[in-house]
Amino acid sequence: MSPLTDHPIDTPPRAPSPVQRFATLAVHAGSPYDPSTGAVIEPISLSTTFAQTSVGKPVGIYEYSRSSNPNRDNFEIAVAAVEHAKYALAFSSGSATTAIILQSLAAGSHVVSVSDVYGGTHRYFTQVAKAHGVKVTFTPEIEVDIREHITSDTKLVWIETPSNPTLRLVDIRAVATQAHEHGIMVVVDNTFMSPYIQNPLDHGADIVVHSVTKYINGHSDVVMGVAAFNSDAMKERLGFLQNAIGAIPSPFDCWLAHRGLKTLHLRVREASTNATAVAKALEASPHVIAVNYPGLDSHPHRAIAKKQHRNGMGGGMLSFRIKGGHAAAERFCQTTTIFTLAESLGGVESLVEVPSSMTHAGIPKDQREAVGVFDDLVRISCGVEDAEDLKADVLQALERAVVWPKISHGLNGMANGNGHAA
C-alpha cells in the first residue's frame, strides 16, 4: 500500500461568491414565482409520478418523486445557496443523512470522530456502522491528535462544532488541513450553528450536514436532514444513494422546511441574543458550577468562535452544570415555566433537558463523563421569546431546584428535633 502522503487532496473550492447577502438568499433562493399563475409562494407538488408524452419522455424534468420532486429541488437549491455550496441533498432525517454518508464508504473504511457527538450519531457509529464494516475512533481533542488516529483505511473525519451538548468548538480549518494532507474528507455537523452563523465549507470542510428538524425548519413540525457540498463526484455518489435507499423527505415537509429557511436569520439572531442573556445570568448565579456557551468570553474556545462564527455569535444553545447533582438538574427542568422539558432544539420555543437521561442516555456513563456530560448537566435551547422572561424563568427555577430543597430539609430537621411541625 502506498504511503498516506501519496494521496493528498485539495480543499474543495467554495461555490462562487453569491451576489446577494444571506437574508436575500434565504428569502429568494429556490423560490421562483409560478410561471402559470404568478404565485410568489411555490405550490406543493404531492404527485408521486409524472406523465410522459411518449415512452421514456416525461413532460418535464420529473418522472418519480423518490428520484426528484419540485419542492425538494427548491429546498435543496436554497440550502446550497446559504451554505455557499454547489449542491445540497435532502434526506428524511438528520440520522438518515449521517447513515447515507457512512454508507457511501467502502467496507473496511475507518472514520475519526470527535467524542462528544449527538447521541443518535454515536449510536449509528458504534452500533450500525460496524455492521457494514466501517470502524469509528473517537477522540476528545481532534485538532491535537488527529494524526495519531489516521491509518491507511481512514476515509473520513467527523466534526460537530459546537459539540452536543458541551458546546466545545473545533477549528475546522486546522482539522481540514491535516486531513487533506492524507486524502481524507471532512464532514461538519453544523446543526447547532445553522448556516446563518457558520459556513463550514468556507473553512475547508468537504461536506456540511444539518438536522433540518432544528434551526433550518425552526418550528418543531418537520423531521428532515440535509447535506451540502461542492464536489461533482459527491453529488453523483450521494445522489445515487438518496434515490437507491429512498430515505427522502415528503414534498410537504420540504415545503415547510423551505418556508422556515426564509426566516432563519431572524430567528437565529434572536435565539443567540436570548442565549447570551441567559448564559450571563447563569454564569453569575451561585447555584451554577459552570456554563458552556461559546458566546461568553469565559468559553475556552472563544477565539475559534470569533474566527468561525458570524460576528462571533454564540448561537441559541447552551448547557450548564447545576449544584445539587442529578436531582437538582431534574428539578430545574420540571420547575421552568417558559422552557418546556423536551428533547430536540432550534425551534421558536425554548426547551430544556438533561442529556445524561435523555438525548445522550444511550452513551455509557464513563464515556459521557469523559467528555463532560455529567449527570448534573442541563442543556438549554433558547427560542425567540423575550430575553428578560427567559432570564427570570431560569433564575426562579434555580432557586426552586437548589435552594428550596435545602430549606425543606432544614425544616424537616427542626420538626424531627423538637417534635413539632414547622
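Quick caveat: nothing in here was measured; it's all calculated off a predicted structure.
No donor-acceptor pair under 3.5 Å is formed between the side chain of N71 and the backbone N or O of C254. Between the side chain of K235 and the backbone N or O of Y87, no donor-acceptor pair lies under 3.5 Å. Of the possible donor and acceptor atoms, one in the side chain of D189 sits under 3.5 Å from a partner among the backbone N and O of T191. No donor-acceptor distance shorter than 3.5 angstrom exists from the side chain of D206 to the backbone of M185, with no hydrogens or angles considered. For the pair E63 (side chain) and T49 (backbone), a donor-acceptor distance under 3.5 Å is absent. Side chain of S285 to backbone of H287: a donor-acceptor contact under 3.5 angstrom is found. Formation of a donor-acceptor pair under 3.5 Å by the H299 side chain with backbone atoms of L167 is found in this model. Remark: the backbone N or O of V354 is not paired with any side-chain donor or acceptor of E330 at under 3.5 angstrom. Of the possible polar contacts, none joining the S272 side chain to the G316 backbone as a donor-acceptor pair under 3.5 Å is found. The backbone N or O of Q20 lies less than 3.5 Å from no partner atom in the side chain of T24, so there is not a single donor-acceptor pair.
Across all their heavy atoms, C382 and A271 have their closest contact at O-CB, 3.4 Å. Nearest heavy-atom pair, V223 versus S93, reported as atom, atom and distance to 0.1 Å: CG1-CB, 3.7 Å. Minimum interatomic distance between A247 and A96 (heavy atoms only, all atoms of both residues): CB-CB, 4.1 Å. When all heavy atoms of N217 and T213 are compared, the closest pair comes out as CB-O, 4.3 Å. Shown here for I101 and A227, the closest heavy-atom pair between the two residues is CD1-CB, 4.5 Å. The two residues I363 and G119 come nearest to each other via the heavy atoms CD1-CA, 4.3 Å.
Taking a 6.0 Å sphere around CD of E236, one finds it holds 12 or fewer heavy atoms contributed by other residues, nucleotides or ligands. The neighbour count for R123 CZ, taken as heavy atoms of other residues, nucleotides or ligands under 6.0 Å away, does not exceed 12. In the displayed structure, K262 atom NZ is contacted under 6.0 Å by more than 12 heavy atoms of other residues, nucleotides or ligands.
Counted by atom type alone, H210 and E83 present one or more donor-acceptor pairs between their side chains at under 3.5 Å. Side chains of D202 and H84: a donor on one and an acceptor on the other come within 3.5 Å. For the residue pair T166 and N292, no side-chain donor N or O sits within less than 3.5 Å of a side-chain acceptor on the partner. There is a side-chain donor-acceptor pair under 3.5 Å between H258 and E42. A donor and an acceptor atom, one from each side chain of T336 and D393, are nowhere located under 3.5 Å apart. Between S211 and K214, the side chains place a donor N or O and an acceptor N or O closer than 3.5 Å (distance only, hydrogens not considered).
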Test side-chain contact (heavy atoms from CB on, under 4.5 Å) on I100 and I245 and set out the steps. CA-CA 8 Å; I100 284 175; I245 294 175; 4.0 Å; yes
Evaluate ring pair (Phe, Tyr, Trp, His ring centres under 6.0 Å) for Y118 paired with F192, printing each intermediate quantity in order. CA-CA 11 Å; Y118 164 58; F192 267 32; 9.2 Å; no
Evaluate the criterion side-chain contact (heavy atoms from CB on, under 4.5 Å) for residue pair V378 and E353; output intermediate values, then yes/no. CA-CA 6 Å; V378 176; E353 62 117 1; over 6 Å; no
Walk me through it: do R147 and E181 pass the test salt bridge (charged side-chain N to carboxylate O under 4.0 Å, His left out)? CA-CA 10 Å; R147 284 189 173 91; E181 289 176 359; 2.9 Å; yes
Verify side-chain contact (heavy atoms from CB on, under 4.5 Å) between H132 and V134, making sure each step is shown before the conclusion. CA-CA 6 Å; H132 55 90; V134 175; 3.7 Å; yes
Decide side-chain contact (heavy atoms from CB on, under 4.5 Å) for Q308 and I172; before the verdict, give the C-alpha distance in whole Å, the side-chain angles of both, and the deciding distance to 0.1 Å. CA-CA 8 Å; Q308 288 182 180; I172 299 169; 3.6 Å; yes
Run the numbers on H301 and T161 for side chain to side chain donor-acceptor pair (under 3.5 Å), then give the verdict. CA-CA 11 Å; H301 304 142; T161 180; over 6 Å; no
Check against side chain to side chain donor-acceptor pair (under 3.5 Å), Y293 and T276: CA-CA 8 Å; Y293 183 63; T276 302; 3.2 Å; yes
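Within the structure, no pair that satisfies the ring pair (Phe, Tyr, Trp, His ring centres under 6.0 Å) test touches residues 348-391, not counting sequence neighbours. Residues in residues 106-115 take part in these side-chain hydrogen bond (donor to acceptor under 3.5 Å, both in side chains) pairs, two or more places apart or across chains: H110-T137, H110-T154.
Rounding to the nearest 0.5 Å places CG of L169 at 10.5 Å from NZ of K307. One finds the CH2 atom of W158 at 6.5 Å from the CG atom of L102 (value rounded to the nearest 0.5 Å). Rounding to the nearest 0.5 angstrom, the gap separating the CE atom in M224 from the CD1 atom in I248 is 10.0 Å. Note that the CG atom of L238 and the CZ atom of F240 stand 11.5 Å from one another [nearest 0.5 Å].
Aromatic ring pairs are classed by plane angle as parallel below 30°, tilted from 30° to 60° and perpendicular above 60°; the pair F138 and F125 is tilted. By the 30° and 60° cut-offs, the orientation of the rings of F50 relative to Y62 is tilted.
Considering only heavy atoms from C-beta on, S357 comes within 4.5 Å of H326 through its side chain. In this structure, the side chains of L266 and Y196 stay at 4.5 Å or more apart for every pair of heavy atoms. Residues F229 and V208 form no side-chain contact, since every pair of their non-hydrogen atoms from C-beta on lies 4.5 Å or further apart. Side chains of L89 and V226 form no contact here, defined as non-hydrogen atoms less than 4.5 Å apart. Counting heavy atoms from C-beta on, the side chains of S68 and I61 never come closer than 4.5 Å. Side-chain contact check for S194 versus L264: some heavy-atom pair is nearer than 4.5 Å. Here the side chains of T126 and V136 are not in contact, with every heavy-atom distance at 4.5 Å or above. Using a 4.5 Å heavy-atom cutoff, the side chains of L256 and H219 are not in contact.
Taking the six-membered ring where the residue is Trp, the centroids of F75 and W255 are separated by 6.0 Å or more.
For the pair R267 and Y215, the NZ or CZ position fails the cation-pi test of under 6.0 Å to the six-membered ring centre and within 45 degrees of the ring normal.
Ion pair D375/K365 flagged as a salt bridge, since at least one NZ, NE, NH1 or NH2 atom sits closer than 4.0 Å to an Asp/Glu carboxylate oxygen. Between D232 and K86 there is a salt bridge, since at least one side-chain N of the basic residue sits less than 4.0 Å from a carboxylate O of the acidic one. At a threshold of 4.0 Å, the pair K391-E388 counts as salt-bridged, since one of the basic side-chain nitrogens sits closer than that to a carboxylate oxygen. Checked for salt-bridge contact, D153 and K135 miss the test: no charged N lies under 4.0 Å from a carboxylate O. A salt bridge between E343 and R379 is absent, with no side-chain N of the basic residue lying under 4.0 Å from a carboxylate O of the acidic one.
Only one option out of S381, S350, C333 pairs with F339 in a side-chain contact (heavy atoms from CB on, under 4.5 Å); it is S350.
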